[in-house]
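Worksheet: one structure, shown below.
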Amino acid sequence: MTVRTRFAPSPTGQVHIGNIRAAIYNWLFARHTGGKFLLRIEDTDRARSTPAALQTVLDALAWLDLQPDEPPLYQSTRTAAHLAAAEELLRRGCAYRTDKGGTGQGECVLFRMPGTDLSFHDEIKGDLVKQAADLPDFVIVRSDSTPVFHLANVVDDIAMQVTHVIRGDDHVANTFRHIALFRALGAPVPKYAHLPMIVNAQGKPYSKRDGAAYVGDFRAQGYLPAALLNYLALLGWSPGDDREVLSRAELIRLFTLARVQSSPAQMDPVKLQWMNGEYMRALPPAARAAGCRDVLQARGLWNDALPAEYLGRVLDVLQERVKLFTDIATAAYFFTEDYPYDEAVVQKRLRAPGALERLAAARSAYAALTDFSARSTEQALRDLAAARGASFGDWVHPVRVAVSGTAIGPSLFHLLEVLGRHRVLQRLDKTLARFTA
RNA sequence: GACCCCAUCGUCUAGAGGCCUAGGACCUCAGGUUUUCAUCCUGGUAACACGGGUUCGAAUCCCGUUGGGGUCGCCA
């Protein structure tokens, strides 16, 4: 029997990392076993399910390239099947109608639990048991004749022939009900694997209050989908050796439910960032440029007047300083003349004794250069340092602040080369005029 | 409260009785390289929650304690 797993989100908002991790594990397990990964949209909560939220789910899956192997099943189209199953249970005496609690809401349908202890083997948590006394009957069809989650979930899993239910462990208690339902419906019970949650530093469920919590947040912050996938795969699972940066193919090959952790895992944004840097440096230059261009355009820093290959040259110079696409915004001075000066740095580097004189001398030397390569701008400054005294650094820093407004950044001379003679002289003049009393 | 789950460095984890004076990664710290930052290189700090058993031997098995978490809807 081939494996069939499913991701069954309800489209009621953003896609939480805990949910997407469940999707990732379902996908990895299906791929590892040569099975199918399915998608079921649990959109039966009419009040909360929206088309926009549905699109968000689809976008998240597409972004991470977790494409389902069959068209998604929309639970809202399955009401007749759910109700038919309830009728069948009624007919067999496995369910009964009653006005539960005498609330006057009318009669609803309750499922009759078998009255025996129930147990199942969880692929992650091991054997789980529940006493009959802790398993009361429950509602499967509301008094307004709409099916309840438990019924819909099981009926649809049967229809989709799901063999492995991999989901968050907040569903452990539900599982006993679901198993009883499968049996009453005469269907084979799937295997279960319950994933521990992703928690914050306080051990509570990780939420948006703790930082980026939705797939869309990470995308907006400039993360690479492959990096997020890799990080999340490792949050609660490990291949058993020391490897951490793993390709999709390796992830698929190595993934097993037996190696999924049974204890909660804490989200570590810093490590995610490190991992993103690992993926970023392996990214083809064109892809890196495309991602950065999107960020620049979104922030109004994109300048059509600059040559097409300009961004590529900037990124060559920036190198691993760009760990996230959004990091390109910290080097805005490459794209605008209206870059800010860091006051503390100005104080330290331009107001230092002799700094402006050295800057003026550098300006003159650069104006005389015909070859404006990194090699020649460096040589010019080294010559000045040798002839006029002061350390090389004392000549470098003022120039850096003048052309970029900041103390941090790539190799100065490569920066100058990318900027070009014209803009460099212009910036030097502007800075000199501005800070010379 | 009842029921259930969980417990190795700050974090993610390796560890399925002797290979553990507990390994790796992120973070952090100290050096080195360097015009700054980043990268890179070298080295360091840092953990088996506690208490009982079982055993020749326990991070690994059992029990208890403590601490966390989850579930107790005619939500999903």
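By convention in this document, chain letters (A, B, ...) are assigned in the order of the sequence lines, proteins followed by strands, and residues within each chain are numbered from 1.
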Does [X] reach the main-chain N or O of [Y] with its side chain, forming a donor-acceptor pair under 3.5 Å?
X	Y	answer
A:N200	A:G203	yes
A:D210	A:Y206	no
A:T5	A:N26	yes
A:R427	A:V403	yes

How close or far is atom [atom2] of [N] from atom [atom1] of [X], stated in whole angstroms?
X	N	atom1	atom2	result
A:L235	B:A25	CG	C1'	13 Å
A:F176	B:C72	CZ	P	14 Å
A:L195	B:G70	CG	C1'	14 Å
A:R177	B:C3	CZ	C1'	12 Å
A:I124	B:G70	CD1	P	18 Å
A:Y231	B:C26	OH	C1'	9 Å
A:Y206	B:C12	OH	C1'	14 Å
A:H150	B:U71	NE2	P	12 Å

With a 3.5 Å limit on both atom pairs, tell me what [N] is paired to, counting Watson-Crick and G-U wobble, or say none.
N	answer
B:A49	B:U65
B:G1	B:C72
B:U35	none
B:U54	none

Residue mapping more 5' on RNA chain B - nearest nucleotide basis, A:A173 or A:K125: A:K125

Of A:W237 and A:V172, the one whose closest RNA chain B nucleotide lies more 5': A:V172

Pick base, sugar-phosphate or nothing for [X], based on heavy-atom distances below 4.0 Å to the nucleic acid.
X	result
A:D99	base
A:I140	nothing
A:G168	nothing
A:M275	nothing
A:D144	nothing

[X] side-chain proximity, nearest of [options]:
X	options	value
A:D134	B:A76, B:A14, B:C3	B:C3
A:R142	B:C5, B:C75, B:C3	B:C75
A:K271	B:U13, B:A25, B:C74	B:A25
A:D242	B:C3, B:A76, B:G23	B:G23

Proximity of A:Y366 and A:F372 rings by center, below 6.0 Å: yes

Reported [atom1]-to-[atom2] distance for the pair [X] and [Y], which is rounded to 0.5 angstrom:
X	Y	atom1	atom2	result
A:L128	A:H121	CG	NE2	9.5 Å
A:N153	A:I140	CG	CD1	13.0 Å
A:E278	A:Y231	CD	OH	14.5 Å
A:R382	A:T377	CZ	OG1	10.5 Å
A:L235	A:I198	CG	CD1	5.0 Å
A:R363	A:T431	CZ	OG1	11.5 Å

Same-atom distance ([atom1]) from [N] to [M], integer angstrom:
N	M	atom1	answer
B:C72	B:G24	P	43 Å
B:C37	B:C29	P	14 Å
B:U71	B:A22	C1'	36 Å
B:C50	B:U28	P	28 Å
B:G15	B:A7	C1'	15 Å
B:C4	B:U11	P	28 Å
B:A59	B:C19	C1'	15 Å
B:A2	B:A25	C1'	41 Å

Under 4.0 Å protein heavy-atom contact, by nucleotide of nucleotides 30-46 of chain B - B base, S sugar-phosphate only: -----BBBBSS------

Phosphate-side-chain proximity, A:S143 and B:C74, N/O vs OP1/OP2 below 4.0 Å: no

Any donor-acceptor N or O pair under 3.5 Å, side chains A:S411, A:R400: no

Close approaches to RNA chain B from residues 256-270 of chain A, in residue order (heavy atom, under 4.0 Å): A:R259, A:Q261, A:S262, A:S263, A:P264, A:A265, A:Q266, A:D268, A:V270

